[in-house]
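Here the structure is laid out as structure tokens; the discussion comes afterwards.
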Amino acid sequence: DYVLSESRRPYATVSLVLVVPESLVDAPNSFEALAHDLLIRVAVADPKLTVVGEKTQELFKALGMAEALKDRLDIATDARAVLDHVLQGQADVGIMFGPDAYVQRERVRVVAIAPEQAVRPIVHSLAMERYCPNRPLCEEFLAFSQSQEAQNILIELGYGLPGPGQ
């Protein structure tokens, strides 16, 4: 074991988000709205190639929307391609992880975050190595990862914060 398990601390979560071009005025405001508007084309990452694609498929199944959307999906290779498809007009909306949307924050906006009951966010953790050469520095960094300053930075970058028990 290379890690001191008692030092493990969750510091951020990553959730699926629904994005639209910044210029789109009449945008859907939820994932569920996608099933009702039959004209909306939805860019998604390929579930056979990416985790974001797998999570998107999981979300559609959990919300009972997989069948309603299957003919309107625009399959992209990855999250960057999802952004490209939305920005170039190949799709009206896109689904990706929050931090991926942050990359084009001037050109797209997040209109919805996937409900945790439908698809669990990915939790990122930090831990100290068992043989950390500078233990005080490692402990200081782990403490910083839990600080309000670090949390504010993570939120700005499109991450969520872990709740109790995550």
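Worth saying up front: this structure is predicted, and the values here are computed from it rather than measured.
- Scanning both residues, L161 and T13, for their nearest heavy atoms gives N-OG1, 3.6 Å.
- No chain of hydrophobic side-chain contacts below 4.5 Å, direct or via other Ile, Leu, Val, Met, Phe, Trp or Tyr residues, connects M96 to V119.
- Pairing each heavy atom of D100 with each of A79, the nearest pair is OD2-CB, 3.4 Å.
- Under the 4.5 Å side-chain heavy-atom criterion for grouping Ile, Leu, Val, Met, Phe, Trp and Tyr, L126 is connected to L157 within one hydrophobic cluster.
- Counting heavy atoms from C-beta on, the side chains of N134 and P136 come closer than 4.5 Å.
- With hydrogens and angles ignored, the 3.5 Å screen pairs a side-chain donor or acceptor of S7 with a backbone N or O of M128.
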For side chain to side chain contact (heavy atoms under 4.5 Å, CB included), just list the numbers for I95 and V17, CA-CA rounded to whole Å, side-chain angles, deciding distance to a tenth of an Å, and then say yes or no.
CA-CA 6 Å; I95 298 173; V17 297; over 6 Å; no
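- With hydrogens and angles disregarded, a donor-acceptor distance shorter than 3.5 Å links the side chain of K55 to the backbone of R120.
- Within the 4.5 Å cutoff, the side chain of V52 has no heavy atoms near those of the D78 side chain.
- The pair K61-E58 does not count as a salt bridge, with every side-chain nitrogen at least 4.0 angstrom from each carboxylate oxygen.
- To the nearest 0.5 Å, atoms OG1 (T56) and CG (L16) are separated by 4.5 Å.
- Nearest heavy atoms, M65 versus F31: CE-O, 3.1 Å.
- Every residue meeting the salt bridge (charged side-chain N to carboxylate O under 4.0 Å, His left out) condition with R41, not counting sequence neighbours, appears here in chain and number order: D92.
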Which is it for F97 and I122 under the side chain to side chain contact (heavy atoms under 4.5 Å, CB included) test, yes or no, and what are the steps along the way?
CA-CA 10 Å; F97 290 131; I122 296 169; 3.7 Å; yes
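- Rounding to the nearest 0.5 Å places CG of D46 at 8.0 Å from OG1 of T77.
- One side chain, Q148 or N152, offers a donor N or O that lies under 3.5 Å from an acceptor on the other.
- The two atoms that bring V86 and G94 nearest to each other are CG2-N, 3.5 Å, heavy atoms only.
- Using modelled atom types, one side-chain atom of R72 and one backbone atom of D37 make a donor-acceptor pair closer than 3.5 Å.
- Counting heavy atoms from C-beta on, the side chains of P21 and R107 never come closer than 4.5 Å.
- In this structure, the side chain of R130 does not engage the main chain of L4 through any donor-acceptor pair within 3.5 Å.
- In this structure, V103 is not a member of the same hydrophobic cluster as I113, with clusters built from ILVMFWY side-chain heavy atoms closer than 4.5 Å.
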Side chain to side chain contact (heavy atoms under 4.5 Å, CB included) evaluation trace for Y11 with L142:
CA-CA 9 Å; Y11 69 94; L142 285 173; over 6 Å; no
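- Nearest approach of S30 to L18, heavy atoms of both residues: O-CD2, 3.5 Å.
- Other residues, nucleotides and ligands contribute at most 12 non-hydrogen atoms within 6.0 Å of the CD atom of E129.
- To the nearest 0.5 Å, the span separating OG on S125 from CZ on R9 amounts to 11.0 Å.
- Heavy atoms of other residues, nucleotides or ligands lying less than 6.0 angstrom from CZ of R105 number more than 12.
- Neither Y159 nor V110 shares a network with the other; the hydrophobic side chains, linked directly or stepwise wherever heavy atoms of I, L, V, M, F, W or Y lie under 4.5 Å apart, form separate groups for each.
- The distance from the CG atom of L59 to the OG atom of S15 is 10.5 Å, given to the nearest 0.5 Å.
- Distance check, rounded to the nearest 0.5 Å: CD of E140 to OG of S147 gives 10.5 Å.
- Of all non-hydrogen atoms in E54 and P47, the two that sit nearest each other are CG-O, 3.4 Å.
- L83 and V44 are assigned to two separate hydrophobic clusters, defined by single-linkage of ILVMFWY side chains at heavy-atom distances under 4.5 Å.
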Side chain to side chain contact (heavy atoms under 4.5 Å, CB included), that's the test. Do V111 and L24 meet it? Break it down for me.
CA-CA 11 Å; V111 293; L24 186 61; over 6 Å; no
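- Within 6.0 Å of CD on E67 lie no more than 12 heavy atoms contributed by other residues, nucleotides or ligands.
- With Q104 contributing its side chain and R109 its backbone, the two residues share no donor-acceptor pair below 3.5 Å.
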